[in-house]
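One structure is given below, encoded as structure tokens.
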Amino acid sequence: MAMASPNNKALERYKSAVTAAASVMGAAMLLRRVVADFLPAGTSLGALLLLPPASARRHAVLIEEFDGALYNRVFLAAKAYVSTLLAAAPSSVPLMKASLPRGSGADQRVLLALRPGTAVVDVFGGAKLTWRLSRQQGRRGEDGGTREAFKLSFDAQHKDMVLGAYLPAVMARVEAMSQGQRQPRLYSNEWGKWRAVRLRNASTLATVAMDAELRQAVVEDLDRFLTRKEYYRQTGRAWKRGYLIHGPPGTGKSSLVAAISNHLHFDVYDLDVGGVRNNTELRKLLIRMKNRSILLVEDVDCALATAPRREGDGGSDGSSLAPAASKNHKVTLSGLLNMVDGLWSSSGHERILVFTTNHKDRLDPALLRPGRMDMHIHMGYCGFVAFRELAANYHGVDDHHPLFPEIEALLREVEVAPAEVAERLLMTDAADAAVEMVAKLLRDRKAGTGEEDGAGGYVKQKLHVGGPRRPRRLAPAPAPRRGGVGAASARRPVLGEEMGGSSRRGQGRGSGTGRHGRGRGRR
Ligand SMILES: Nc1ncnc2c1ncn2[C@@H]1O[C@H](COP(=O)(O)OP(=O)(O)OP(=O)(O)O)[C@@H](O)[C@H]1O
């Protein structure tokens, strides 16, 4: 036990004086902070004493749908979180909205939402927090649509807890929910807004038949990209990557994009350039893309005008080989590239840009310049290795099928797209019959009778179903096909407006798959 000496007593007195002074100062500082934080500027201490007790006052955080032109991520998180609150206590709100996320299947969880003007109460750390939804008309100069906002209100005494613990917990919960259940989404632009549509392509990097070394190079490039945050930060470069995927129709370009999306868990924003009304709209679309996403421009040689051209100009044959800026082409390639290099790169990170084309030779040289696209990926006609991968994936056929030697020899002589092979393989559930169908396709192709049976070519499958695209140049619908068992599943439904037909006959062998229809003005 310590002895009480005069010196010790003096020390004790000194300590208690310091402690008392510190608590008075602390209280004074706290009070000053409270005055500064909670009261309008200029409010005096005297006024503070006249106010009702803190517990009786309410504070609120307003969470608006848009932060300038950008979606407010806190609003999106709040919406998802409120949906879980409503699901947990449905009886607390007499009337709410129920919907399926756009483009999702009927097996998806129904999303519950507040109707404007209604509220739901949450309890956190003993505090009651009220989420109220309001809706207002967009301001002048904005795009005019209605905008929603959440008002999160709580007793003033819980302000620090709400900002420091509750809102971060809401964000973390929503993040965890999205990591756990989320399939990459496909967005498509409609009237200046991104709409989520159903991703129909479940390709993975393992199921896309392609050269093994090329596949490895793509995987490594993607994985390196993901882990190089520090490199991009240190070098001051935008954290983005560009891929140009080229090759004849039906060789798996779109499938590869879907596979990349599935590999990285990145959403795909499939930009229909023809549907973009002007550069302002394009700018809005680009900045409204989320991070960790892929911007896809398919058939870039057809989709984008290269440079302004005089009225009536066309190719030497009267056709328009290089689309020019015109009434139909509001967005030019250079306009898009400038925006991608500028605001798109600076307004987000972990972004991938993919251009696809059937005709690399027709691309604007600006796109082919070294350094413009980081990697050029060629998807070619089906070789024997690719065929074996498809046969193994679809039917589990091993390497020793009796028809394989013949097929290997034929594949060296004829050009056939993997899509055509895949289609034959999917026409029946019987493996031997499916392999025989591929062999027949190749024999017919060699003999130049490929389409006589009406089963040649393939019907282009979009990455998505759902959100209607505005009709583009329509080609006649393909002739009805005779299909075996499974033919329907081989050609999953394609939007009518996206189906087209052009006979392969007359294009010469090896011009690609004959019947495809994207309606994107493919030449
Ligand atoms: N390399 C491949 N590996 C596996 N399946 C393929 C491959 N290529 C094509 N397919 C099959 O063919 C269908 C159409 O292919 P896909 O749309 O990816 O080709 P594409 O090269 O993008 O064609 P297009 O140039 O007409 O847009 C796919 O859904 C897939 O079933």
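Numbering of ligands and ligand atoms starts at 1, following listing order. Everything quoted here is computed from the prediction, not taken from an experiment.
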Practice item. Could you tell me how the ring of His378 sits relative to the ring of His246: parallel (under 30°), tilted (30 to 60°) or perpendicular (over 60°)? Key: tilted
Exercise for review: For atom NZ of Lys240, decide whether the heavy atoms of other residues, nucleotides or ligands shown that lie under 6.0 angstrom number more than 12.
Suggested key: yes
Study note, to complete from the structure: In Phe225, Tyr232, Trp239, the residue satisfying ring pair (Phe, Tyr, Trp, His ring centres under 6.0 Å) with His349 is Trp239
Exercise for review: Can you figure out which of Lys253, Glu389, His246 has its heavy atom closest to atom 20 (P) of ligand 1?
Suggested key: Lys253
Exercise for review: Answer yes or no: does an N/O atom from Thr251 fall short of 3.5 Å to an N/O atom of ligand 1?
Suggested key: yes
Point to revise | Contact with ligand 1 for Thr207, non-hydrogen, under 4.0 angstrom | key: yes
Check your understanding: Quick one: does ligand 1 sit under 4.0 Å from the side chain of Leu390, the backbone, both or neither, non-hydrogen atoms only?
Key -> side chain
Practice item. State whether a side-chain donor-acceptor pair under 3.5 Å links Thr207 with Asn393. Key: no
Review point. Is there a donor in the side chain of Asp432 and an acceptor in the side chain of His401, or the other way round, less than 3.5 Å apart?
Key: yes
Exercise for review: Check whether any N or O atom of Ala209, backbone or side chain, sits under 3.5 Å from an N or O atom of ligand 1, and answer yes or no.
Suggested key: yes
Review point. Has ligand 1 got any nitrogen or oxygen that is less than 3.5 angstrom from a nitrogen or oxygen of Pro418?
Key: no
Exercise for review: Please determine if Pro249 has a nitrogen or oxygen closer than 3.5 Å to a nitrogen or oxygen of ligand 1.
Suggested key: no
Exercise for review: Starting from the C-alpha separation in whole Å, work towards a yes-or-no answer on side chain to side chain contact (heavy atoms under 4.5 Å, CB included) for Met289 and Tyr187.
Suggested key: CA-CA 9 Å; Met289 283 178 62; Tyr187 291 89; over 6 Å; no
Practice item. Please identify which atoms of ligand 1 are closer than 4.0 Å to at least one heavy atom of Ser254. Key: 17 (O), 18 (O), 20 (P), 22 (O), 27 (O)
